[in-house]
Amino acid sequence: QFGRTGTPTPARTTSNEELSYLNPKEMVIGGTTITGTEFLDKDVLITISKLTKGDRITVPGDATSNAVKNLWGQGLFDDVKLNISEIRSDTVFFEIAVVERPRLTRIELLGLKKGEIGDVNEKLNDKTGKVVNENLLKTTTDIIKKHFTEKGYLFTDVTIVQRKDTAEANNIILDIKVDKNDRVKISEVLFTGNKDFKNKTLKKYLKKTKEKAIYKVFGAGKFLQNKYDEDKLNMISKMHEKGYRDAEIIKDTTYRTGKSTIGVKIDLYEGPKYYFGNVTWAGNAKYSTTVLDAILAIKKGEVFSEKKLDRKLSNSPGGDDVSSLYLNDGYLTFNVDPVQTKIYGDTIDLEIRMYEGPQYTINKIMVKGNELTNDKVILREIRTKPGQKFSKELIVRSTREIAQLGNFDDTKTDPKPININPNDGTVDIEYNVVEKPSDQIELSGGFGGGRVVGTLGLTFNNFSARNLFNMSAWKPLPKGDGQKLSIRGQTNGKYYQSYSFSFSEPWLGGKKPIYFGISAFTSLQSNGLRNNDINQQKIRLNGMTFSLGQRLKWPDDYFQANTSINLQQYILNNYNQFIFSTGNSYNFNLTQEFSRSSIDAPIFPTSGSNLKLTIQATPPYSLLNNKNYAVATDKEKYRFTEYHKWKFESQWFQRIYGKLVLKAQAQFGFLGIYNQAVGQSAFERFKLGGDGMQGFDYLQGSEIIAMRGYANNAVIPAGSNPTIAQGSGSPIFNKYVLELRHPITASQTATIFVLAFAEGGNTWNTFREFAPFNIRRTAGVGARVFLPIFGLLGIDYGFAFDKIPGVPDNGRNPFTFSISQAMNGGFN
Amino acid sequence: CKSKYEKLRASSDTAKKYREAVRLYDKKDYSKALGLFDDLVQKYRGTAEAEDLSYYFAYTNYKLKDYTTARYHFKTFADTYASSAKAEECRFMAAYCFYLESPVFSLDQENTIKAIESLQLFINLYPKSDRVAEASKLISNLRDKLEMKSYANAKLFLDIGDYKSAVIAFRNSASDFPDTKYAEEMEFLTIKAQALYAKASLEMKQEERYNEAINLFAEFAKNYPSSKYLKEGEEIKKNSEKAIIDVKKLIAIQEAEMKILQDKAKAAEAATKAKSAEETKKEETKNK
């Protein structure tokens, strides 16, 4: 911009010696004067020009050109000229002539709505303080027009009126009147030059540029320049895909057809349809032509498609292309180039030229962008290690493992091979990550049982316990070691209190990926009376769990084994909703879990599967204690609860078309007994139906299984007493789900998707009655919103096909709401 | 009702604003001063007060611990008023702000590297400054941090059992920081990692890899004759030598077993051949 009027070359005015860039001279500055200023301080301008009296400089040279540049840089002038006013032997006198311009106080936008003003101002990018000149007026007009053109208002009028700011000297306010006029619609789309492609087909390729029509209710017919540009590219690439590799747009125009309508005319060159001819390979040493031909899978005579060729050579989404074969085996600089060697008639012969290059070994692994999370937390998840051969596949896997940590924005995790050294065949890999907020806060007040219930829950997903006493690491909490800490409290005063705490460390001891977790909870429910009151009714639950988890290398490295010890204590006093009313009960069990998870994303998986087998068992007390269970009271029977429980859950995700993902899920659970005399355990039963949210059912350690379309706990075994079965739960259940999911947005701030589901499930009292395909069925639609600080929120509408007799409304409850803080491993 | 401060902010009496801002700054009420300075920066461009103003502005941000903004304004000052008496100070402060923003070694060290670069630039620009000694000390602190990171990340591979990677990472660290204070420890840990790598290898590869560990130890003992790791290193060497003998024996046994199996197979083959030959003979005699 400054080159327009600024003249870095000093104009020779007094000396007859020739001064030019070809003939620079060293001179001493005798003085500098400024002319043309109105409001600005001359001395300061001289300081900024850096043409200080007494300095020795080259004329013309860097100093003279910088003087003009520096003054321009202030953005205060409409013109800056550097003149030499006098030369006396080796002393030079400068004169800087400036033209000051009024500055902009603010812009006032007229004729727009509040929201639009905000958008436009954002695009205008605060020009306050800039000089007001022709250029500013023009760019401002252009920016506003462009903004509305993108939104479909092609005929926007912009008029600018300059108004003196009375509050400040030499300042101007711009009043900009914007008239958007009507949004432009497309009245016709015309094609010329097409023979093989029908107009109708071509119009279909223009996905977002459609003619307006009465029957198209939503949005159709709008003209948006950027969408139109995309559409044109898309149309041509579709034509290329069909074998018309010469197809191109010769010319396209838009013309006005009415007050607020335009027409679009596209002149095409279609060209002939081409077919694949002979394919030969060159440069392949590592793999034989037969192997490469098999991967390429292109037959002679097939319709020529650049896209298919590209997919098979380098860009297959499944990774089964020629490049992957090499890139997963160290050939980092592998390069493939299909060359069209011969075109005869409509047939194209190809020679696929390859450069294999050396096999690269990984030298260094670096992590960048981890502003909160310590190196080791990331490095230990990375599968590409120094000394290994370079592998694209392992890089992708590493990226996924980093995403699983949950501390980083997985769309921005960017692994880059750098320092590629062909001499010794080494490469460094730099993993660039971007931290994201991963802590969750739950703060709620609700109305329950006629009283206000308050909840406060905090989950920190990137905690650092070792820095608990290191105050400098608190920001706002000690962070960065990938540990998880959560605390939660819920109370409504003296009637109900519940507190829980959990902590986990993914790498116990820092040497092996051994997960360690400890959690504890205590809760109290009472009628509010004191402990020594004989009318007091209360139940207190205490529990503690230790768990150890380990990743397994066999059968493959997606497997995990988890062992946990759980102890629960129930203390009852006149409590009549339990099996007995006063006394203590203990549930001590050992749980072993095997799971395998290969899903690609925690919130919206598009591929992979989850499998989980759980076995939970208490000691078989009845076989050891010689108690006569036939005559024992419930209190005696349940002092030490005994049972064994088996569960199998599986889940599978697959992208089927476009962004549409299919989720298939099957679950089965069975609760068994050691001793016929003791009978079925009252604890740990399954309750099927509803939203799957834990309510007050934890009393007997019941497991809540969601089933949309039915009310909570409504799916009871056929023929059982509804009141008893709903309250106690059932010892056997199974459930199947098929779900189609489609994403709406997936950003850092929110992930939203919609879904349609069909579910079936049932419960049974004994194994003899168990019939896995005799199920209650339901189907419906729903949506999920994931917000990082709230977790996953869901709403579903389901219609239950099978009535459940004896239960209110036949067990139906069309709407279910759910909140889940757990991001993965959930089988609901 | 607006407070006096808010009224002043809204007014256009720049001179009064400037006086008040400086007064607030001297009173250490930095956040209020910042608001006023912020308003004035635009207005004072190209005027006599601009130099002092931008100096105050940079320091106000610095005092408010907004080092990112402060660094930017210190640098702008040093670039714009290169001949000012305060330019040297501001150049140093710009680098020092980077220094303050350099995090613990286990996080991204982008600011550490930038701090080193800008401190070095300061030293180059003002080699005679009183602040050179301090700048050099700061650089040395920052280098220590990078050394520590390199060492810790190499050691992580040893800890999590990626021994081959550990050997490579220790070597890289030693060549990236030739005068590192961890040199002795890292050289020793390389031997340890190499021996563990050998142990975890296929039997066929063990001898070669153990020998590498033994050679590394010989070198180590020469370089650090009084090292506290000598005893442990000696142990590794002894175990490696023993392991080589064991693995050689094992391979010999395996080969012997293999040979017996092969011999047996050969004998069996010969027997079948002989048998079939005999049978053919029998057949022949029968046919006769």
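Computed over heavy atoms, backbone and side chain alike; hydrogens, waters and symmetry mates excluded. In what follows, every chain begins at residue 1, and chains take the letters A, B, ... in the order their sequences are listed.
- For the atom pair OG1 (A/Thr373) and CG (B/Asp108), the distance works out to 11.0 Å, reported to the nearest 0.5 Å.
- Atom NZ of B/Lys199 has 12 or fewer neighbouring heavy atoms from other residues, nucleotides or ligands inside a 6.0 Å radius.
- Note that the OG1 atom of A/Thr361 and the CD1 atom of B/Ile168 stand 7.5 Å from one another [nearest 0.5 Å].
- Between the CZ atom of A/Arg380 and the CG atom of B/Asp159 there is a distance of 11.0 Å, given to the nearest 0.5 Å.
- For a residue to count as touching a neighbouring chain, one of its non-hydrogen atoms must lie under 4.5 Å from one of that chain's; by this rule B/Phe157 touches chain A with the side chain only.
- Annotation for A/Lys364: atom NZ counts as buried by contact number, over 12 foreign heavy atoms lying within 6.0 Å.
- To the nearest 0.5 angstrom, B/Lys164 atom NZ is 12.5 Å from A/Lys385 atom NZ.
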Apply the test side chain to side chain contact (heavy atoms under 4.5 Å, CB included) to residues B/Leu107 and A/Leu372: give CA-CA distance (whole Å), side-chain angles for both, the deciding distance (0.1 Å), then the verdict. CA-CA 7 Å; B/Leu107 300 177; A/Leu372 292 171; 5.5 Å; no
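- Only the side chain of B/Asp162 comes within less than 4.5 Å of a heavy atom in chain A; its backbone stays farther off.
- A donor-acceptor pair shorter than 3.5 Å can be found between the side chains of B/Asn153 and A/Asp375.
- Taken from CZ in B/Arg171 to CG in A/Asn363, the straight-line distance is 11.0 Å, to the nearest 0.5 Å.
- For B/Asp176, the part sitting under 4.5 Å from any heavy atom of chain A is the side chain, from C-beta outward, and nothing else.
- The minimum heavy-atom distance between B/Ser165 and A/Pro386, with the atom names listed, is OG-O, 2.8 Å.
- Note that the CD atom of A/Glu371 and the CD atom of B/Glu110 stand 8.0 Å from one another [nearest 0.5 Å].
- Within the 4.5 angstrom heavy-atom criterion, only side-chain atoms of B/Leu156, from C-beta onward, approach chain A.
- Within a 6.0 Å radius of NZ in A/Lys368, other residues, nucleotides and ligands contribute 12 heavy atoms or fewer.
- Atom OH of A/Tyr515 has more than 12 neighbouring heavy atoms from other residues, nucleotides or ligands inside a 6.0 Å radius.
- For A/Asn370, the parts lying under 4.5 angstrom from a heavy atom of chain B are both the backbone and the side chain.
- Residue A/Ile378 does not touch chain B at all, counting heavy-atom pairs closer than 4.5 Å.
- By the neighbour-count criterion of 12 heavy atoms within 6.0 Å, atom CD of B/Glu208 is sparsely surrounded, having that number or fewer from other residues, nucleotides or ligands.
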